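Structure first, commentary second.
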Amino acid sequence: MAILPILQFEEKIVEIVEKNPVVVIIGETGSGKSTQLSQILHRRGYTKSRCIAITQPRRVAAVSVSRRVAQELGVRLGEEVGYAIRFEDRTSEKTIIKYLTDGVLLRESLSDPELRQYSVIILDEAHERSLNTDILLGLMKRLIKLRQSNLKVLITSATLDGEKVSRFFSNCPILNVPGKLYPVEIQHIPETPKSYVEASLKAAIDIHVREPEGDVLIFMTGQDDIEKLVSRLEERIQNLEEGSCMDAVILPLHGSLPPELQIRVFSPPSPNCRRFIVATNIAETSLTVDGVVYVIDSGFVKQRQYNPSTGMYSLDVVQISKVQANQRAGRAGRTRPGKCYRLYPSMVYHDIFLDATVPEIQRSSLAGSVLYLKSLDLPDIDILNFDFLDPPSSESLEDALKQLYIIDAIDEDGSITNLGRTMAELPLEPSLSRTLLEANECGCLSQALTVAAMLSAETSLLLGQSKSNDKKRKQVPSNLPNGSGWGDHIQLLQIYELWHQTDYNIDWCKENNLKVRGMMFVKDVRKQLSQIMQKMAKGSLDVKISKRWKEGPDYRALRKALCSGYANQLAERMIRHNGFRTFGFKSQLVQVHPSSVLTADEDGMLPNYVVYHELIVTTRPYMRNVCAIEMQWVRPILAKLDNMNVSKLSGGTNQSNEKIQVATVDLPKDADIAKPSIDDTDSRILAARERFLARKINK
DNA sequence: GAGCACTGC
């Protein structure tokens, strides 16, 4: 076996780690950093009294890399070398080298903020800049000050990003470890194409006709474009003259493809046959396809972004970064010298592409992360000034604080509440954690556990349907329950309860077009959540799914619990039509997503009030996953919204101590609701909200 | 009356 490049650097690495608390390692693909760094430090005595942690952004990586290291050291996995991922801890007292996902390490620091069991923490693949890695980077900066004498931190990064990480850690040394990639010839096209599907098609055919054997990997943005390109490519290749070139197979590859179709790319190709793999960025890092010699890079990727000023998510096609472009190109040089065809001018690469992808922390809602940091109780840390490698905007942090305040996770001074502490223990978004705690009070914990678990997996539940399939497939009427008109949360609950009644039958999932793996995941999450809840309650709670349909048909308790959890995600229907306005600082006009099962009354009107799981902008702003709630539950929440003072929430550096006085929100009593003058009611709530919106609350 | 890239606790 050829010696991995990193081993030639062993002395250098050890020397530099000895002298410095933090080191940045630029390890190119194939350098062996993920498997070797831990072993080198182990050989040099870093595991004598404590162990080495290596984080990975993905579960499969943690498992497969630890397996290899165990093998190389000749030990049984789970003993000296182990891994810890959600639902699976394969470590023991003997473990001295531990691979874990970055999320698991964050959870560990909840119970031990100084992470005393580790002598070395290696943040691997830090250039991917997952939300969790970024938080860990901030925590590490603090930890090395606290544990200067007995903690070493190693961060692996990409070429273009290393300097920045080094600056973040007071100019710590950077060590370059070359990889084992073959050279990749890069070609740019002179003009930005009108359609990258067409441009990819042309590039692919050119390769097929002119270039020697070797598979082609094409990076597209999503399922739609992939299917379009696959069918165009099939058509073109069939029309090529018989015998003019070798055979070809065309394989789509994206996340919503069923696993049995995904693995087709791993079976070796038949001889004299070229494979075209048309993929999303799943092939950039998550899946490695062997045999690729040519890469066609569209230069685009789909990215989910959160806008803190509107509270809305959108899924946008954006330009990739230089780091990403290089990563894609590198996929052509794994087995021999390759070529990468970039469907954009080199000027665009140099002058327009960002060096690195905008980190997730600047593209997500931070409510969960802020709550997590608050719960760590770091004495010297003010969340708004937390030392992030790339700080999120203050708008985004304030948005998180407001959300946390409305659901009682922090008080008006921005300090974490007891409720908030409990919420941080749960591996859920704050809204769902809050729902669980409220549900426990209302006696519907079992149902809420199910809803929370179902929502954690929601996008991977329904079997992927593509447009082309839809046309072919007859619309089979679904036998699944419909939420009894109350909305999507209730439907998710009903689906799971039906599955439970079949004793978690796999065929039942298939018959109902539900992804088996998704449903099994829900089962695991539900179990984990109920265990955590029981542990926190220090006793047994009612988490069993009742076989009897004991509750009335209105799911009142559960909907009330959801209303508390989603107090920051409330919307009110507008008068005489089915548009909604959201409550809160940033009132938005939105609609119920057409996929929702929420039903209208006999006059065609939707419920007056709903909570929503998320706002997503596609062709329009939509509320996804909504649940009908009652107006009287809304009143206290509005009062709370009205009393919010953002400058106090954010730690109040310029505390004027002057609480803005507002008249109490004057909502009708329950009695008024029975005989409504709806317009009047609406206008009063509207007025209260307008007053609220009109106030300018600045820092 | 729409459409969904990829992860993870």
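Each chain gets a letter, A, B and so on, in the order its sequence line appears, and its residues count up from 1. Everything quoted here is computed from the prediction, not taken from an experiment.
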Please report, rounded to the nearest Å, how far the [atom2] atom of [N] is from the [atom1] atom of [X].
X	N	atom1	atom2	result
A/L606	B/dG1	CG	C1'	13 Å
A/L455	B/dG8	CG	C1'	16 Å
A/Y99	B/dG8	OH	C1'	20 Å
A/D134	B/dT7	CG	C1'	14 Å

The side chain of [X] lies closest to which of these nucleotides: [options]?
X	options	answer
A/T619	B/dA5, B/dC9, B/dA2	B/dA2
A/R624	B/dC4, B/dA5, B/dT7	B/dC4
A/P594	B/dG1, B/dT7, B/dG8	B/dG1
A/S286	B/dC6, B/dC9, B/dG8	B/dC6
A/L315	B/dA2, B/dC9, B/dA5	B/dA5

Contacting residues from residues 100-108 of chain A, given that a heavy atom lies under 4.0 angstrom of DNA chain B: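 By residue number: A/T101, A/G103, A/V104, A/R107.
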
Scan [X] against the nucleic acid and name what it touches under 4.0 Å (heavy atoms): base, sugar-phosphate only, or nothing.
X	answer
A/T280	sugar-phosphate
A/Y622	sugar-phosphate
A/T285	nothing
A/I282	sugar-phosphate
A/R129	nothing

Those residues that, when tested against A/A424, pass side chain to side chain contact (heavy atoms under 4.5 Å, CB included) (two or more places apart): A/L371, A/S375

First of A/L428 and A/H254 reached from the 5' end of DNA chain B, by closest nucleotide: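 Result of the comparison: A/H254.
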
Residue whose nearest DNA chain B nucleotide is more 5′ - A/K302 or A/V60: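 Per heavy-atom nearest nucleotide, the more 5' residue is A/K302.
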
Apply ring-ring contact (aromatic ring centres under 6.0 Å, His included) to [X] and list each qualifying residue two or more places apart in sequence or on a separate chain.
X	answer
A/H593	A/Y622
A/F276	A/H208
A/Y612	none

All N/O donor-acceptor pairs, side-chain side in residues 525-533 of chain A, below 3.5 Å, sequence neighbours left out:
from	atom 1	to	atom 2	distance (Å)
A/R526	NE	A/T450	OG1	2.8
A/R526	NH1	A/V543	O	3.4
A/R526	NH2	A/S446	O	3.0
A/R526	NH2	A/S446	OG	3.2
A/R526	NH2	A/V543	O	2.8
A/Q528	OE1	A/R86	NE	2.7
A/Q528	OE1	A/R86	NH2	2.8
A/S530	OG	A/R526	O	3.0
A/S530	OG	A/K527	O	3.1

A/R328 charged N/C atom sitting above A/F219 aromatic ring, 6.0 Å / 45°: yes

A/L598 vs A/P607 side-chain heavy atoms within contact, under 4.5 Å: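 A side-chain contact exists here, since the closest heavy-atom pair is under 4.5 Å.
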
